[in-house]
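To start, the structure under review is shown below, and the notes come after it.
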Amino acid sequence: QVHLVESGGGLVQPGGSLRLSCAASGSIFNIYSMGWYRQAPGKERELVATMASSGGSTNYADSAMGRFIISRDIAKNTVYLQMNSLKPEDTAVYYCNLKRRDGSTLTYYWGQGTQVTVSS
């Protein structure tokens, strides 16, 4: 089993910054990628940013490009999301995601989610 523990959410004013962290533990082998998704009320879960395990290539949603930065600490099995210039539309529950190769398939694992609220 894989355990993902997120931290760093909270309430921030528009234009502010937050840093999310996600620590992975358990059966964390054959990792394909780690990253972040979010889900706003009444909307579907959407990708924010991911980082490939091999090589560290990144993928960002258009809404995150230029404002959010995903990074990792390999030794700590931790991925971070630095969020800058936050907007009210960034308000959502942010979920850490880990994709693991299991044979020819990818298994998705999710954290419990952390609330980010951007409001004045």
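Just so you know, residue 1 is the first one in the sequence shown, and it goes up from there.
Between Val116 and Leu20 the shortest side-chain heavy-atom distance falls below 4.5 Å. Annotation: side chain of Asp102 is not in contact with side chain of Asn30 (no heavy-atom distance under 4.5 Å). Contact annotation: the side chain of Tyr95 approaches that of Arg45 to within less than 4.5 Å [non-hydrogen atoms, C-beta and beyond]. Looking only at side-chain heavy atoms (C-beta outward), Arg38 and Ser63 come within less than 4.5 Å of each other. Taking the side chain as every heavy atom from C-beta outward, Thr50 and Met34 never approach each other to under 4.5 Å. The side-chain heavy atoms of Leu86 and Gln13, taken from C-beta on, include no pair separated by under 4.5 Å. Looking at Ser25 and Asn77, their side chains never come closer than 4.5 Å, going by heavy atoms from C-beta outward. In this structure, the side chains of Cys96 and Trp110 stay at 4.5 Å or more apart for every pair of heavy atoms.
Closest approach of Ala24 and Leu98 over heavy atoms only: CB-CD1, 4.0 Å. The shortest non-hydrogen separation linking Ser33 to Ala52 is CB-CA, 4.0 Å. The heavy-atom pair separating Pro14 from Ser119 by the smallest distance is CD-C, 3.6 Å.
For the atom pair Arg101 CZ and Ser53 OG, the distance stands at 7.0 Å (nearest 0.5 Å). For the atom pair Gln82 CD and Phe68 CZ, the distance stands at 9.5 Å (nearest 0.5 Å). The line from OG1 of Thr78 to CZ of Arg72 is 12.0 Å long, rounded to the nearest 0.5 Å. The distance from atom CE of Met83 to atom CD1 of Ile69, rounded to the nearest 0.5 Å, is 12.0 Å. Note that SG of Cys22 is 10.5 Å distant from CG of Leu81, once rounded to the nearest 0.5 Å. To the nearest 0.5 Å, the span separating CZ on Arg67 from CG on Asn84 amounts to 9.0 Å.
In this structure, Tyr109 is a member of the same hydrophobic cluster as Tyr94, with clusters built from ILVMFWY side-chain heavy atoms closer than 4.5 Å. Grouping the Ile, Leu, Val, Met, Phe, Trp and Tyr side chains by contacts below 4.5 angstrom, directly or via other members, places Leu4 with Ile28. Hydrophobic clustering (side-chain heavy atoms under 4.5 Å, transitive across Ile, Leu, Val, Met, Phe, Trp, Tyr) groups Met65 together with Val79. Put simply, Val12 and Val93 are part of two different groups of oily side chains (I, L, V, M, F, W, Y) that touch within less than 4.5 Å, one to the next.
No option in Leu47, Ile70, Val48 other than Ile70 meets the side-chain contact (heavy atoms from CB on, under 4.5 Å) test with Tyr60.
In this structure, Arg19 is positioned above the aromatic face of Tyr80, its NZ or CZ under 6.0 Å from the six-membered ring centre and within 45° of the axis.
Around the CD atom of Glu89, the shell of radius 6.0 Å holds more than 12 heavy atoms that belong to other residues, nucleotides or ligands.
Remark: side-chain polar atoms of Gln1 are not paired, donor with acceptor, to backbone N or O of Gly26 under 3.5 angstrom.
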